[in-house]
Amino acid sequence: MGKILGIDLGTTNSCIAIIEGNEPVVIANIEGQRTTPSMVAFTTKGETHIGVHAKRQAAVNPERTIFGVKRLIGRRADDEDVKSLINLLPYRIVPSSSGDAWVQIDNQSYSPQEISAMIVRKLKECAESYCSETITQCVVAVPAYFNDAQRQATRDACQLAGLEVLRIMNEPTLAALAFGVKKRSTGYVAVFDLGGGTFDISILQCSGGTFRVMATAGNNHLGGNDFDAVIYQYLANQFKEETGIDISSDKMAVQRVREAAELLKCELSTLTETNVNLPFLAIGPAGPVHLSLSMMREELENLIRPLIDKLNAPCEDALREAGITADDLDEVLLVGGMTRMPIVRSRVEKIFGNKISHGVNPDEAVALGAAVQSGILGGEIEEVVLLDVTPLNLGIETAGNRVSTIIERNSSIPTKASKIFTTTEDNQGFVRITVVQGDSSIASECARLGSFLLTDIPQMPAGKPRIEVQFCIDADGVVSVQGIERQTGLVKSLVIQDAVGLSSKQLEDAKKRL
Ligand code: AMP
């Protein structure tokens, strides 16, 4: 068996690792860095830059530099989250022919899968050059809170990059695996993962090589980007107050201030005071004007406290659903770049007590865990068992925009459950079922995975057919649906309609372009 690549395809940065001599190791990129910015830029000269080169030119080419594409993957353009991003992102988001959120550069539109594939392909090339062999298989990490459409889209991205996906795994679970395998720990571990786009909290029980996820919770709409947006708005407002100039329609200025906001946030993780200096940010009536101000860590913390407060509820939910209290926890692992912020750490201590483990690097833990999982698959690592859960309710849409839940969140995976459907009219030949996944009991607030047409129902009076529909979630968290008419025993065909994701034609087109 060849090498299997462990991939953490992050919102902001990505990281890869493999097993070497039975140990997971991070592979540096060709530029020598252990993480690679998840960015792709298209220049006016027709060149494509990926990673650090894309990041370096972002301020002068904002409309053609794509970042944070993980926030779009597997989502529809009319999704409320996507709509809220449209004004925040300097590049254009457009609906694809089937309504998915795509990116448009000049006259060419790209699926988020295709953009992600460009990043994965670069990571794959780095790994191949490090290992001096072709790599064709991978284990890829996704946020625990990714729904089925987002998981399938991530798999498509890896496949477009030439990698067969052996497993899709939840990021916090992988971080715990990397940590637990190293320390052979026993007890309850919480993984607190605050990255660029999402927040996940998982509680695991570790004992003798068995890792059982007991509960997972989180917020798909809370990450470093949201903190940056608050700081950006503060800086833009300060500039407007001082100069009277509104920069919001100047994309280059917006990008410069956005970058300064992120830098300021990162600097204030280690310094107690820092400065922002952006010369020639705009042109006023009296000539060029500059943005220059200083900020104390305390000021920053006051600015972002409403976002910090949002961290509590998912942690409390996870503890409750795991059936333990904070006192029962042995260790808390911090994952994701945002956990470097002192205010995030002190909030973690307030919620869970003083249990932060310093044994993992927040930028690398997920990729290392993906490599451990690849080592389990490849037979290099033995005696490790991983039991994960599904983080979202899976159900069907019923009358009045409601959800009838079929598989409850925090059920161990793989799992399956069935429901019996019938007809409402005599000789009704088909039944339509809309499958939804999410936290809410209101269907329109959940992700719509697709509509299934249950066809070829034998002719019978209304209410007579008994069609059993089986919903399965596999170990990757991927959903499949199967229908059987009970009286005839026939498996009915299920035709997926309006599912999010790429059609085989779109996949072929993207493959040709890559
Ligand atoms: P990740 O998705 O794990 O790569 O996390 C990326 C997020 O972490 C981005 O929002 C970064 O701005 C943020 N980040 C990285 N380093 C730091 C730091 N030293 N202090 C605060 N935030 C950071």
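Numbering of ligands and ligand atoms starts at 1, following listing order. Any value given below was found using the heavy atoms of this structure, including those in side chains, with hydrogens, waters and symmetry copies removed.
Enumerated by chain and number, the residues approaching ligand 1 to less than 4.0 Å through a heavy atom are Thr12, Asn13, Gly195, Gly196, Gly224, Glu262, Lys265, Cys266, Ser269, Gly336, Gly337, Met338, Arg340, Met341.
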Residue pair Asn29, Thr36: steps toward the side chain to side chain donor-acceptor pair (under 3.5 Å) verdict: CA-CA 7 Å; Asn29 60 26; Thr36 300; 2.8 Å; yes
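Two residues are said to be in side-chain contact when any heavy atoms from C-beta on lie closer than 4.5 Å; Lys265 and Met338 meet this criterion. Using a 4.5 Å heavy-atom threshold, the side chains of Gln108 and Arg513 count as touching.
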Taking distance alone, no hydrogens or angles, what donor-acceptor pairs closer than 3.5 Å link side-chain atoms of residues 190-205 to residues at least two apart or in another chain?
| residue | atom | partner | partner atom | Å |
| --- | --- | --- | --- | --- |
| Asp200 | OD2 | Ala144 | N | 2.9 |
| Ser202 | OG | Thr216 | OG1 | 3.0 |
| Gln205 | OE1 | Arg212 | NH2 | 3.4 |

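Taking 4.0 Å as the cut-off between side-chain N and carboxylate O, Asp363 and Arg34 do not count as a salt-bridged pair.
With rounding to the nearest 0.5 angstrom, the CD atom of Glu171 is 5.5 Å from the CG atom of Asp8.
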